[in-house]
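One structure is given here, and the rest of the page talks about it.
Keep in mind the model is a prediction, meaning the values are calculated, not measured. Numbering of ligands and ligand atoms starts at 1, following listing order.
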Amino acid sequence: MNNARWDRLLLNATLATFVGDMPYGLIEHAAIAMHHGRISWLDRMVDLPGDPAVLADTVQSLDGALVTPGLIDCHTHLVFGGDRAHEFDLRLNGASYEEIARAGGGIASSVMATRAASEEQLFAQSLPRAKALLADGVTTLEIKSGYGLELDSERRMLRVARRLGRELGITVRTSFLGLHAVPAEYRERRSEYVAMVGDEMLPALTADGLVDAVDAFCEGIGFSREETRRVFERAKQLDLPVKLHAEQLSDQDGAALVAEFGGLSADHLEHLSDSGIRAMAAAGTVAVLLPGAFYALRETKLPPLAALREQRVPIAIATDCNPGTSPLLSLRLAASMACTLFRLTPEEALRGITVNAARALGLEDRGTLAVGQRADLVAWHAKQPAELCYWIGGQLLRGVWVGGESVTA
Ligand code: DI6
Ligand code: FE
């Protein structure tokens with residue numbers, strides 16, 4: 001039937017649209033149609049403009065199941081060589097993070113393993129992690145570089161990130177994180193390293209078409225505001241948006257810096273100040289909270305949720321999937337942790353992995369269910385949205401559509 005109005009129609013769904021002021025933008029007893037990769041119609045079943053079998057080529061009933069936008073993990077370091085399970089073991093047997101780092105562990109050990117891995121090996125090691133996120137409903141995924149810290153290895157990481165997107169049929173957005181750590185060979189020459197990141201690596205990787213945004217780790221043990229600013233200036237010249245690891249372990253006033261550049265997001269933010277919040281609110285910079293790192297590091301200082309709410313800063317949640325501080329492979333679990341550890345409401349947490357996560361990546365065509373949006377959506381073995389944060393672990397996925405096509409997770 002080639003003359004049907006729509007490619008596909010899902011019936012008897014509960015839609016969490018995240019549009020409008022109703023809780024979750026919920027529409028019960030609803031249907032949703034997709035055509036040419038976009039959402040072409042959605043409303044209550046009783047308002048369907050005709051016989052479903054005539055309206056669409058493919059019709060499927062969901063028996064009242066919950067449907068949400070495809071989930072968006074807007075902050076990961078998912079591509080890396082090796083793992084750090086051994087350090088986890090050492091830490092729980094009494095070794096400190098500093099001792100491990102001094103013995104060549106920490107980020108340096110992931111850099112060594114990543115540099116040593118071929119593109120093929122890096123892809124093979126990263127693929128199961130990306131698949132785990134997809135199996136939990138993620139259809140858009142941000143992946144950072146930052147374990148190469150030299151041009152060829154950073155390029156390899158970003159190429160692997162892009163290939164994961166192609167292979168799994170999901171969207172991958174890449175961020176260049178040259179300012180993640182000073183590599184050992186530059187320890188005595190850090191200003192040379194910062195200059196190389198801005199003047200050589202960033203322009204070269206941008207010319208290769210591998211960079212969607214620029215990130216940095218602005219921290220006492222990372223890079224200063226001035227060093228970060230230097231690379232952000234280059235990003236601006238290249239017309240690339242910026243985001244920042246800010247205020248994770250201490251207040252460096254990084255949030256105000258990224259806001260000054262009109263940044264997409266400031267991420268972590270446990271030590272965020274009132275002035276940082278005001279700067280973010282004025283610039284429309286999204287606050288990305290990362291409860292996986294908070295949990296794994298057994299942090300106790302909470303991000304300033306009340307003030308973020310009061311200033312109406314949009315809040316997103318991400319896994320921060322990385323081998324050191326957040327080996328977390330479920331975005332739904334990150335949302336659950338955001339509720340239990342940070343006290344977000346389930347609606348805030350779910351907006352944080354849909355509509356606000358899209359905003360943190362500068363993507364306006366997804367994160368909500370509305371006519372014209374990309375047809376990235378997930379059907380769940382759940383009836384109500386809060387279940388997605390309420391169940392801790394488990395497999396709730398019932399179906400995934402990316403750009404209107406059914407994908408096997
Ligand atoms: N903040 C983090 O928590 C991770 N990177 C960053 O900038 C840690 C990465 C690691 O330990 O490998
Ligand atoms: Fe991170």
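The closest approach of Asp320 to the Fe ion (ligand 2), by N/O/S atoms, is made by OD1. When distances from the Fe ion (ligand 2) to the N, O or S atoms of His75 are compared, NE2 comes out shortest.
With distances taken over non-hydrogen atoms, the option nearest atom 10 (C) of ligand 1 out of Phe80, Phe217, Phe223, Tyr147 is Tyr147.
Proximity of Arg84 to ligand 1, defined as any heavy-atom pair under 4.0 Å, is confined to the side chain (atoms from C-beta onward).
Nearest heavy-atom pair across Val59 and Pro52 is CG2-O, 3.5 Å.
Taking the Fe ion (ligand 2) as the corner point, the angle from His245 atom NE2 to His77 atom NE2 is about 100° (rounded to 10 degrees).
His180 NE2, 3.4 Å is the protein heavy atom nearest to atom 6 (C) of ligand 1. Atom 1 (N) of ligand 1 has its closest protein heavy atom at Gln248 OE1, 3.2 Å. Counting protein heavy atoms only, atom 4 (C) of ligand 1 is closest to Thr325 OG1, 3.6 Å.
Between Ser110 and ligand 1, not a single N/O pair is under 3.5 Å apart.
Looking only at side-chain heavy atoms (C-beta outward), Arg229 and Glu260 come within less than 4.5 Å of each other.
A donor-acceptor contact shorter than 3.5 Å is absent between the side chain of Asn322 and the backbone of His77. The backbone N or O of Val378 sits nowhere less than 3.5 Å from a side-chain atom of Arg398 that would complete a donor-acceptor pair. Counting only distance, with no hydrogens or angles, the side chain of Ser126 and the backbone of Phe123 share no donor-acceptor pair below 3.5 Å. Judged by distance alone, the side chain of Gln252 and the main-chain N or O of Glu247 form no donor-acceptor pair under 3.5 Å.
Here is the list of ligand 1 atoms found below 4.0 Å of a heavy atom in His245: 1 (N), 6 (C), 7 (O).
The aromatic rings of His245 and His268 are tilted relative to each other, their planes meeting at an angle between 30° and 60°.
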